[in-house]
Asker: 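The structure follows.
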Amino acid sequence: MTIWLNVTTTNRWNGHAVGISRVELELASALKERIKFFEIRDREFKEVAYQQIISEKDVEKKKYVPRNSRLFQFFDAQKGTSTSWLILKMGGIALSLIMRVLPDNFQESILSNLYRVIRKFDKQLKKRISPIRVDDKSAKNSGINRIPSSELTSVDFTINHPFHHGDTVVSCGLDWDYSLVEYVNLIKSEIDFKFVTWIYDVIPVYYPEVISSVSHCARLFKHFALVGGVADEVVYISENTRRDFEKFCHQIGLKTPPGRVITLASDFEISTPKEGETLELSRFGIRGQYILSVGTLEPRKNYWTLVNARSSMVSDEGLQLVIIGRVGWSTGDLLTYVNHQKGKNVIILNNITDDELNQLYQNASALMSASIAEGFNLPALEAQSAGLPTFLSDIPTHRELFPQAEFIATFDTPAWSRAMQEVAQGRYPKSVKPFIGKRWNEYADEVIALLKM
Amino acid sequence: MRGIQVTTYNPNSPIHGGKIRSRALSEIFVATFGPQIEVKNYYIGTKIDSLSVTYKNLPQIEDVLTADYLESMALQEDVQADYVVCEQPWGWPLVAFLKSRNPKLLTIYSSQNIESSLKERILSHVDSTSCKQIITRIKKLEIQAAGEADLVIVCSHSDRDWFENNGVEKKKIIYIPNSTNADRFTSTLTTKNDDSSYFLLASSSYGPTNESFMDLFAAANQFLPPKTEIKVVGGISNYLATTVGSRRATDLDGAIHLLGVVTDQKLHQLLNGAMGIILPVKFGGGTNLKTAEALYYNKEIIATREAFRGFEGYINASNVQIVRDTHDAMIAVWKAINRHRSGVVDEGQMPVRDELTWSYWTETGPKIIREALSL
């Protein structure tokens, strides 16, 4: 009897492992001696060796490109356009390649000059560029290569797979993007095996307005419904997610499969700033005191509330809001705003390595997250692990997982602004007792116990 | 007794609810007054364009304008009728004319819906002062028809309320809902396939219904489970055939199976074999015939609230799910599927709803009509 872990998400992931890809990667790393791995490719379940999984080292090999540059933000802001955007994007890609071979000190200088040139043509360009449309751009931005939707609809064929009677198949990735559960359902009609899967949140069902498109919501809805009918065991990342999924199953007339909550982990630790780090931070455009907010740029994260709160601070303490996250969807206005204020109050960073993120946590004054809905909010855990004062929107998930945090009503901009003011004035010192959170190896141990290995 | 039925609809080969009701009411009048009833279809359709001056730029009002010309179309034999049934307010000027010539004429206003409200919604996108004028004119005709008629037949309780609120005498209003002929087909239907896994959408192509279906099911290919589809019959197939492939309907392709217009026999086979029936009516007057059919077959019903106008008493039935948006539709579809798979639904154990058939009303209607007319 073999335990199989699905690593399709990891193998398709283009960027640095975060969120769901991080969970899969950590589990793969922790369990590599005890289990086998598979991925879905060309409608087949194929066994893959651990060495074939993209590792952290592979990711780190990718040379750092200063995505905080206004130029790159400018490129990102033009998304949703057709020809003009394509030309700009290709220009951006070409520029990225050139940057990789240049020393760091030249990079920002070249980019800044190029940015000034392009800004001159900005007005002319804007006349030709249509506004950003709300669309399923998450497909392009989620970090994985999607299977064409035409392949997702029909499972009326035989699927090759390496599973045997009595095996356990574990999957904790972006399974809805490659119809995993549909395939599993089909294979289960042939052989009897145990299927264990993860539910990170049920946000597309209960907060569809914060999802990029109806199409994406529908795809996730089907995934949840299939999980409810097919899974033998479900792992949730919070009690709140478990409650939501139970409610969902009840609504569609299903008995919820057995499950347990295994909250996420973090390996971040507080440490004193190292000498020379101020210089390093300036590379990101950070001048001094700053508040962090981490997560994909999308409406669910409610960054506008934080940006507006920063703008409306009564006295300007030089405090910067540093947002770290991939460009998701419906972010055009935010990026345009950030471009226009030239990093004075708000900076957006992308493609940050673990070491850089660690450094940014260590030097931040606080973490703020105004999310409308969350399944967990890993950055909040990371921030607390780093001893940071943590300000979170007052939603059930945050209340459950981070009771030590300061809670602020999600859309109460003045309250967020007051909190920023107080952080700037030093009223929230970093914790002298670092938060003792769960480590990834402990997380893996809980999964091992679940799988009875 | 000799009667005439003044209607917008040509009752031959009825394929949509209005025509079917018109035909069914004709049968009820035959059962009530005897076999002599003649249908007068004075609808002059697009020819009215050349006649219209005042309302030239308003769309979909040819039916209303017919009112101006009906009087001139009256034949001497019409004056000699014993009773006249009028189905739309714009037919009433003819009835009034006949009544003025024949005071003994029994007049019946058999309402298919509240036409002024329906027209108001249809023309809601038209910004024109003549639009208000035409709606006011229809409402006036509608109240006049119901007020002057010896008997008013309504197809929903809300329509009854509307007439009462507009001063129509309560005791002369009777209720005969839209019903189904399903009982005439059930004996010929083949055994239902237990593996049936389709939802049925049966509708004519009517703008608001088309829109409503798209609002609810445009992403169907993303949320329907494998091997489950929506079979589509009726005129709405034509609309969907031209819509699939458009940007809005990217996720519809693959989820629907368009069958076009089918025979009654085929329609009832499809109704009988379906796992569920979709009723996406957004607005409209009267009641929805397809709702009666869905209820009669005891299928899982996924419907808008508007689809249950006239059938409000069934809205809390266990097999009925009312939906407002895609989210509701997704939940309803999956709940229906899970109920179906788990065997919760045993159509054989569900109540037999004879009151939803025209056979029932053809049998009981004459007594109700005679009592209301004190015959």
Side-chain angles (χ1 to χ4, degrees), chain A residues 133-136 139 146 148-157 159 176-177 179-189 202-230 247-257, chain B residues 195 197 199 211-230 244-257 275-276 300-302 318-345:
Chain A
R133 292 185 293 270
V134 176
D135 202 345
D136 190 10
R146 287 170 189 271
S149 62
S150 58
E151 289 185 33
L152 303 179
T153 54
S154 172
V155 289
D156 203 8
F157 52 84
I159 295 174
W176 49 90
D177 279 327
S179 296
L180 175 91
V181 192
E182 285 184 43
Y183 294 135
V184 166
N185 193 27
L186 199 66
I187 299 169
K188 266 179 161 267
S189 66
V202 197
I203 290 169
V205 176
Y206 297 114
Y207 297 89
E209 66 277 10
V210 299
I211 304 299
S212 59
S213 71
V214 173
S215 175
H216 192 49
C217 269
R219 188 187 314 139
L220 285 155
F221 191 103
K222 178 164 74 172
H223 171 75
F224 297 141
L226 287 168
V227 166
V230 175
K247 178 180 163 190
F248 170 74
C249 286
H250 178 73
Q251 274 190 301
I252 63 166
L254 277 179
K255 187 181 174 191
T256 314
Chain B
D195 294 330
S197 55
F199 290 85
E211 285 297 309
S212 177
F213 176 74
M214 291 301 293
D215 288 346
L216 298 170
F217 289 93
N221 200 34
Q222 293 288 359
F223 69 75
L224 282 181
K227 297 181 180 178
T228 303
E229 65 178 6
I230 300 171
V244 166
S246 68
R247 179 182 168 80
R248 189 184 175 199
T250 306
D251 290 322
L252 192 58
D253 194 8
I256 56 173
H257 183 182
M275 173 167 53
E300 290 290 320
I301 298 172
I302 298 171
S318 61
N319 59 327
V320 174
Q321 295 183 75
I322 299 299
V323 297
R324 292 165 302 177
D325 50 31
T326 309
H327 176 258
D328 290 349
M330 291 192 288
I331 287 179
V333 161
W334 275 91
K335 189 174 180 181
I337 290 167
N338 289 326
R339 276 166 54 89
H340 190 77
R341 284 177 180 165
S342 64
V344 169
V345 186

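Hydrogens, waters and symmetry mates are skipped; everything else that's a heavy atom, side chains included, is used. Naming: A, B, ... by sequence-line order, numbering from 1 per chain. The structure displayed is predicted, hence computed values, not measured ones.
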Asker: Looking only at non-hydrogen atoms, find the nearest pair between M330(B) and A218(A) and report the distance.
Answerer: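 For M330(B) and A218(A), the tightest heavy-atom pair comes out as SD-CA, 3.5 Å.
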Asker: State, to 0.1 Å, how close N221(B) and K222(A) come at their nearest heavy-atom pair, and which atoms those are.
Answerer: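 Answer, listing the atom of N221(B) first, then K222(A): O-NZ, 3.9 Å.
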Asker: Which atom pair, heavy atoms only, marks the closest approach of L226(A) to W334(B)?
Answerer: CD2-CH2, 3.8 Å
Asker: With rounding to the nearest 0.5 Å, note down the distance linking CZ in R341(B) to CG in L254(A).
Answerer: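 So the CZ of R341(B) and the CG of L254(A) are separated by 8.5 Å.
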Asker: Where on L224(B) is there a heavy atom nearer than 4.5 Å to chain A: the side chain, the backbone, both, or neither?
Answerer: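 Backbone only.
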Asker: Do side-chain atoms of N338(B) reach the backbone of I252(A) as a donor and acceptor pair under 3.5 angstrom?
Answerer: yes
Asker: Measuring from atom CD of Q222(B) to atom NE2 of H223(A), what distance do you get when rounded to the nearest 0.5 angstrom?
Answerer: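 The CD atom of Q222(B) sits 13.5 Å away from the NE2 atom of H223(A).
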Asker: Measure the spacing between CD of E209(A) and NE2 of H327(B) and express it to the nearest 0.5 Å.
Answerer: 9.5 Å
